[in-house]
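In what follows, a single structure is set out as structure tokens and then discussed.
All values below come from the heavy atoms of this structure, side chains included, with hydrogens, waters and symmetry mates left out. Note that the coordinates shown come from a computational prediction; the quantities given were computed from them, not determined experimentally.
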Amino acid sequence: MEARLNLFNSPIANKALRPLVTSGQVIHDSTLPAATQELVKIRASQINGCGFCTDMHTKEAIAAGETSVRLHLVAAWREATVFTEAERAALELTEQGTRIADAAGGVTDEAWANAAEHYDEEQLAALVSLIAVINAFNRLNVLVRQPAGDYQPGQFG
């Protein structure tokens, strides 16, 4: 499989995507736990059908020490006992924030309140920003049919 468009070699794409990459670094450097960040990126990528991002973030999570059991259960997190209550709240917010078009009211007050019980305002800002950024990256990669499977941890610095 070959991508429809090579975003990596496009001067326009590089200029347009630079703010997203910078935003991702700001979020990465926040106090939102790194494991939570990867779980959020994986779950949104699964929902959006983004193989490239799912590949990237599962490999990054493994490189950071995440267990295979937890990674295999991300898609079934509601039934899994391996996630903390804080991670579960982040995953619920991720699902609702990713599936905005599927819900007439968007993100529920209950999901927001649950996340707010586990994360301070700066962490919530990082979490919301992360959900938005990963959804943007998912959409870009799905649009161009970016192939999955060849990502190497740390590939993009």
Report yes or no: does [X] contribute a side-chain atom to a donor-acceptor pair with the main-chain N or O of [Y] at less than 3.5 Å?
{"X": "Ser10", "Y": "Asn6", "value": "no"}
{"X": "Tyr119", "Y": "Ala86", "value": "yes"}
{"X": "Ser30", "Y": "Ile27", "value": "yes"}
{"X": "Gln37", "Y": "Leu32", "value": "yes"}
{"X": "Glu60", "Y": "Pro153", "value": "no"}
{"X": "Arg88", "Y": "Trp77", "value": "yes"}
{"X": "Gln155", "Y": "Gln152", "value": "yes"}
{"X": "Lys41", "Y": "Ile134", "value": "no"}

Measuring from atom [atom1] of [X] to atom [atom2] of [Y], what distance do you get when rounded to the nearest 0.5 angstrom?
{"X": "His57", "Y": "Glu38", "atom1": "NE2", "atom2": "CD", "value": "6.0 Å"}
{"X": "Cys50", "Y": "Met56", "atom1": "SG", "atom2": "CE", "value": "8.5 Å"}
{"X": "Leu124", "Y": "Ser129", "atom1": "CG", "atom2": "OG", "value": "10.5 Å"}
{"X": "Leu143", "Y": "Asn138", "atom1": "CG", "atom2": "CG", "value": "11.0 Å"}
{"X": "Gln123", "Y": "His118", "atom1": "CD", "atom2": "NE2", "value": "11.5 Å"}
{"X": "Ile12", "Y": "Leu7", "atom1": "CD1", "atom2": "CG", "value": "12.0 Å"}

Minimum heavy-atom separation for [X] and [Y], please, with both atom names.
{"X": "Ile62", "Y": "Leu71", "value": "CG1-CD1, 3.3 Å"}
{"X": "Glu95", "Y": "Ile47", "value": "CG-CD1, 3.6 Å"}
{"X": "Ala89", "Y": "Asn114", "value": "CB-ND2, 3.7 Å"}
{"X": "Asn9", "Y": "Asn14", "value": "C-ND2, 4.2 Å"}
{"X": "Ala61", "Y": "Ile42", "value": "CB-CD1, 4.3 Å"}
{"X": "Cys53", "Y": "Ser45", "value": "CB-OG, 3.2 Å"}

Just wondering, more than 12 heavy atoms not from [X] lying within 6.0 Å of its [atom1]?
{"X": "Asp29", "atom1": "CG", "answer": "yes"}
{"X": "Arg99", "atom1": "CZ", "answer": "yes"}
{"X": "Glu122", "atom1": "CD", "answer": "no"}
{"X": "Glu121", "atom1": "CD", "answer": "no"}
{"X": "Glu2", "atom1": "CD", "answer": "no"}
{"X": "Asp102", "atom1": "CG", "answer": "yes"}

Residues Thr108 and Gln96: side-chain donor-acceptor under 3.5 angstrom: yes
Cluster question for you: counting only ILVMFWY and a side-chain heavy-atom cut-off of under 4.5 Å, with indirect links fine, are [X] and [Y] together?
{"X": "Phe137", "Y": "Val74", "answer": "no"}
{"X": "Val40", "Y": "Trp112", "answer": "yes"}
{"X": "Val142", "Y": "Phe52", "answer": "no"}
{"X": "Leu5", "Y": "Leu140", "answer": "yes"}
{"X": "Leu93", "Y": "Leu91", "answer": "no"}

Ion pair Arg78/Glu92, N-O distance below 4.0 Å: yes
Pair Glu87 + Arg70: basic N to acidic O under 4.0 Å: yes
Candidate list Asn141, Thr98, Asn135, test side-chain hydrogen bond (donor to acceptor under 3.5 Å, both in side chains), partner Asn48, passing option: Asn135
Val69 vs Leu73 side-chain heavy atoms within contact, under 4.5 Å: yes
Close side-chain approach of Thr58 to Tyr151, heavy-atom, < 4.5 Å: no
Parallel, tilted or perpendicular, as decided by the 30° and 60° cut-offs, for the rings of Phe8 and Phe156: parallel
